[in-house]
Amino acid sequence: MCLLKVEHVQKYYGNGGNITKALNDISFDMKEGEFVAIMGASGSGKTTLLNVISTIDTLSAGDIYVRQENISTKKEKQLAAFRKKELGFIFQDYNLLNTLSMEENIALPLTLLKEKPAVIDASVKQMAKTLGILDILAKYPYEVSGGQRQRTAIARALIHKPSLILADEPTGALDSHASYLFMEELGKLNEERHASILMVTHDAFSASYAKRILFLKDGRIFNEIYRGELDRKA
Ligand code: ADP
Ligand code: ADP
């Protein structure tokens, strides 16, 4: 089933004679359970594309549908609810809050959705068990290892069972071994739990885990490859 439909999306910055076309007629679909990477040089529009899909940024023109619902026409209040319920975010630095324990960090999306404490507690324990971080739940982000922080960020992105996981340069701050471990986790999430993942990266190694790669250039999709095509050539 079609999860995400991006249709003729444009995003301009600036005004008058000083306009940057950050996104210039972008269209693509993403099916449920797909893992798509967006690659491109710095300034090609990757972050802008992720930000308009996550509704953090508004569109200049075009439409974005999530499960046939047009999110480009929603009001900010509905959008906030949409983001909380349907999206999971993984950022480069993981954005874990140092004032919260790992348990509270993981619980955050459910807390924002005003879930019952008993439900939150059970969900966090279950998720932490799956990811092997049960023993660090009472600790704070600065007290655990990089790998444990990664898994906590993944747990937080998944805890509310979002329709779509958006990852912005998730391995950008990691060395090659940590990148490998992180991408293995993300790959498993897609393979085993059929999580739908849209990931921005400029790193070919990370992109190789995706099933499909969209290449952006000057705000346009100028190429698209499926991993199957690469496999056949290998
Ligand atoms: P990438 O993530 O691929 O590096 P961006 O999406 O950040 O690319 O940027 C795409 C283009 O839009 C660039 O030319 C950038 O300078 C411009 N841009 C991005 N954000 C803004 C902004 N807030 N104001 C003005 N121009 C912007
Ligand atoms: P950049 O790509 O420039 O490094 P980030 O990807 O870190 O920026 O963040 C993109 C935007 O998403 C930021 O403005 C951040 O505040 C916002 N953001 C982070 N987490 C959430 C969330 N859970 N819901 C909505 N917006 C978020």
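Indexing begins at 1, ligand by ligand and atom by atom, following the structure's order. Here, residue 1 is the first one in the sequence, and each next residue gets the next number. FYI, side chains are in, hydrogens and waters are out, and symmetry mates aren't considered; it's all heavy atoms of this structure.
- The single protein non-hydrogen atom nearest to atom 12 (O) of ligand 1 is Ala22 CB, 3.3 Å, given as residue, atom name and distance.
- For the residue pair Glu169/His202, the side-chain donor-acceptor check at 3.5 Å is satisfied.
- When only non-hydrogen protein atoms are considered, atom 7 (O) of ligand 1 lies nearest to Thr47 CB, 4.0 Å.
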Problem set entry | Derivation of the side chain to side chain donor-acceptor pair (under 3.5 Å) call for Ser163 and Glu86 | CA-CA 5 Å; Ser163 310; Glu86 305 288 349; 2.3 Å; yes
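- For atom 27 (C) of ligand 1, the closest heavy atom belonging to the protein is Tyr13 CD1, 3.2 Å.
- Under the 3.5 Å distance criterion, the side-chain polar atoms of Asp63 are left unmatched by any main-chain donor or acceptor of Glu7.
- Thr20 contributes no side-chain N or O that, together with a main-chain N or O of Ala22, makes up a donor-acceptor pair within less than 3.5 Å.
- Interface of Ala41 with ligand 1, defined as ligand atoms under 4.0 Å from a residue heavy atom, comprises 3 (O).
- At the top of the distance list for atom 4 (O) of ligand 1, counting protein heavy atoms only, stands Gly43 N, 2.7 Å.
- Using a 4.0 angstrom heavy-atom cutoff, Gly14 does not count as in contact with ligand 1.
- Listed here is the closest heavy atom pair of Glu76 and Arg83: OE2-NH2, 2.9 Å.
- Evaluated by nearest non-hydrogen atom to atom 3 (O) of ligand 1, the leading choice among Lys46, Glu169, Lys21, Met39 is Lys46.
- Identified under the salt bridge (charged side-chain N to carboxylate O under 4.0 Å, His left out) test for residues 35-60, with sequence neighbours left out: Lys11-Asp57.
- The aromatic rings of Tyr180 and Phe205 sit tilted, their planes meeting at an angle between 30° and 60°.
- The protein heavy-atom contact nearest to atom 8 (O) of ligand 1 is Gly45 N, 3.1 Å.
- Remark: minimum distance from atom 5 (P) of ligand 1 to any protein heavy atom is reached at Thr48 OG1, 3.6 Å.
- In this structure, atom 15 (C) of ligand 1 is not in close contact with the protein, since no protein heavy atom lies within 4.0 Å of it.
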